[in-house]
Each structure stands twice: as C-alpha cells, then as structure tokens.
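Heads up, the thing below is written out as structure tokens.
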There are 2 protein chains.
Amino acid sequence: MSLPHPNLDQISLANVLSVLGDQTRLAIVGYLACNEGLAVSCGQFSEFGSKTNLSYHLAKLREAGITHTEVAGTSRLISLRRADLDSRFPGLLDSIITAAQELPALERLRDEA
Amino acid sequence: MSLPHPNLDQISLANVLSVLGDQTRLAIVGYLACNEGLAVSCGQFSEFGSKTNLSYHLAKLREAGITHTEVAGTSRLISLRRADLDSRFPGLLDSIITAAQELPALERLRDEA
DNA sequence: TCCTTAGTTCAAAATATGTTGAACTATTGA
DNA sequence: TCAATAGTTCAACATATTTTGAACTAAGGA
C-alpha cells in the first residue's frame, strides 16, 4: 500500500524551501540523510516532537515531494526522495543536508549515541 | 547610512529557507542574481507587488541575511550577500538561484525585455 | 479473541505571516 | 522654499501554520 506522493513536475521550489524552513522538518531530513539505506520509521523521530505533531510534519515533507513514505504493517518506512530532488533541483538537497548537520537537534542526538 | 543586518553567525539555515520559501522573495532573489554588479533599487521589483508589500518582503530578506541594503539618498541599493551565504551554506544559493530561473514571475520579466 | 503498538484524523486554540491603505520621513531638483 | 520621489511605518485585517488532546484505524502477537 502507498500514500499519495507528488510526481516530479509537481514539486515546486518555493514549497520545498518553505517546508524545509522549519527546525523540526530540517532535523528529520538531516536524520534521514545520515541513515540513508536504513529503514527509518516515525518512531525514530520521537526526540523531535509528539507523535501527533510528527505525523503532521511528516505529511508536509511527503506532500512537498521531499520524502517517500511506504506503509509496512503498522509502521511507515520513510526515506528521502534524493534522486528526484537531485534531478529537479541539482545540488539543493546536498547543500541543505550539509548545513543541517550542525543543527542543535541533530547534534544532541549524536551526542547521546 | 546603513540598516541593521545580521552578521554571519546570526544567519540561520531554517530562517533562510523559510524566507526563500515564498514566490515573491524567490523572484526578487532571482532578479538580483541576474543583475549582480548592477545597482538595483526597490522600484525595480514593482512587477512583483505593491510598494508597501515589497518593503515588507525586502526587510525579511535583509533580516534573514540574504540581501544587503544600502541607503543611497532616497533609494536603497539592494544586493545579494553572496560571499556570506556561500561561506555559511556552500552551494545553497547557487542551487536555489539556478532553480529559481524557471519561476513564472522571472520568465515573464524576461519575455517583456 | 484481546491487547498492544504504530500511526492517523479531527477540531480547537494559539501563533505567525502576508496584504492593504493612510500617514509618514527624508532626499532631491526646480 | 516647495513639490515630487523613494521608501517606511503603522494598524487592521485576512489567511495560514503549528500544536494539542481525544478518539480513531489497522496490524501483530499472546
């Protein structure tokens, strides 16, 4: 099963930027970037907000075309739409991810590990 | 004379992205990028909104550290803080400017010329 | 079957953002 | 000095976004 995702030409620059212009969502994207290839589910973002709130932010990321969400039983497997974003906006995601690594929320997470 | 501008370490990624996550401001930045080196004043953005509204958007860009505004008589000379942004967020501005060139507002402006 | 786990949906409230017109300041040119 | 030009500020309004808790669905495991 699969949730609605925009296709390439429906992904708009202004929308991507405004969705990423938020600490919580930037932290989520930074975390996803550090864990590419691994299966990441909503629960892993619990440091970043309440369950309800994360559901809201994750929907925004998906609807903007930034993440892909796959339904797997009671969980959702979330990943970056890296290839899609790279082809639509070359270099954008890389520069954002690099800059996002110094975000307090992500540094805190790394310190704990 | 000079208006208040944030210094390098006061420029935050989330703020820059959220300020650029708006059609009008993206168009302004795209225009500035096409006219680097030239003196650009507020009046030149009149296609993008009313005088009052532009004053608001230009203040947001300045306060986020994206533009520099220099007071010159009754005008303001506006420019991108390219070097500052490049050093703080390498590659970010370039990728945004490249992607912003296909924005309707900017294409319209080029068609008229 | 019953309970737990994972996440969603909804409506309400709080907060932030964008847009407007009227009144304003400051500089410049006649 | 006077009027015009360039842009700002303010308050008001409209709209959008974020956050919350309570109630929900749907899948698994005991």
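So you know, we letter chains A, B, ... as the sequences are listed, proteins then strands, and number each from 1.
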Interatomic distance, B/Lys60 NZ vs C/dT19 P [rounded to whole Å]: 11 Å
Listed by chain and number, what are the salt bridge (Lys or Arg N to Asp or Glu O under 4.0 Å) partners of A/Arg76, not counting sequence neighbours? none
OP1 or OP2 of C/dG18 versus the side-chain N and O atoms of B/Asn53: is any pair under 4.0 Å? no
Rounded off to whole Å, could you give me the CZ-to-C1' distance for the A/Phe45 and C/dA6 pair? 14 Å
Have a look at B/Phe89 and tell me which of B/Leu13, B/Leu17, B/Ile96 forms a side-chain contact (heavy atoms from CB on, under 4.5 Å) with it. B/Leu13
Does B/Tyr31 have any ring pair (Phe, Tyr, Trp, His ring centres under 6.0 Å) partners at least two apart in sequence or in another chain, and if so, which? B/Phe45
Can you pull the salt bridge (charged side-chain N to carboxylate O under 4.0 Å, His left out) pairs that have at least one residue in residues 93-105 of chain B, sequence neighbours excluded? A/Arg88-B/Glu102, B/Arg82-B/Asp94
Can you sort out which residues in residues 22-30 of chain B have a heavy atom within less than 4.0 Å of DNA chain C? Ascending by number, please. B/Asp22, B/Arg25
Same cluster for A/Leu77 and A/Leu61 if Ile/Leu/Val/Met/Phe/Trp/Tyr side chains link at under 4.5 Å? no
For a quick test of reading the model, state the closest non-hydrogen atom pair linking A/Ile11 to A/Gly65 and the distance between them. CD1-O, 3.8 Å
With a 4.5 Å cut-off on side-chain heavy atoms, are A/Arg81 and A/Pro6 touching? yes
Measure all distances between protein nitrogen or oxygen atoms and nitrogen or oxygen atoms of nucleotides 3-8 of chain D, and list the pairs falling under 3.5 Å.
{"unit_1": "D/dA6", "atom_1": "O4'", "unit_2": "B/Thr74", "atom_2": "OG1", "d": "3.2"}
{"unit_1": "D/dG7", "atom_1": "OP1", "unit_2": "B/Cys42", "atom_2": "N", "d": "3.0"}
{"unit_1": "D/dG7", "atom_1": "OP2", "unit_2": "B/Gly43", "atom_2": "N", "d": "3.0"}
{"unit_1": "D/dG7", "atom_1": "N7", "unit_2": "B/Lys51", "atom_2": "NZ", "d": "2.4"}
{"unit_1": "D/dT8", "atom_1": "OP2", "unit_2": "B/Ser55", "atom_2": "OG", "d": "2.4"}
{"unit_1": "D/dT8", "atom_1": "O5'", "unit_2": "B/Ser55", "atom_2": "OG", "d": "3.4"}

Going by ring pair (Phe, Tyr, Trp, His ring centres under 6.0 Å), name the residues that satisfy it together with A/His57, two or more places apart in sequence or in a different chain. none
Please check the phosphate of D/dT17 (OP1 and OP2 only) for any side-chain N or O of A/His57 closer than 4.0 Å. no
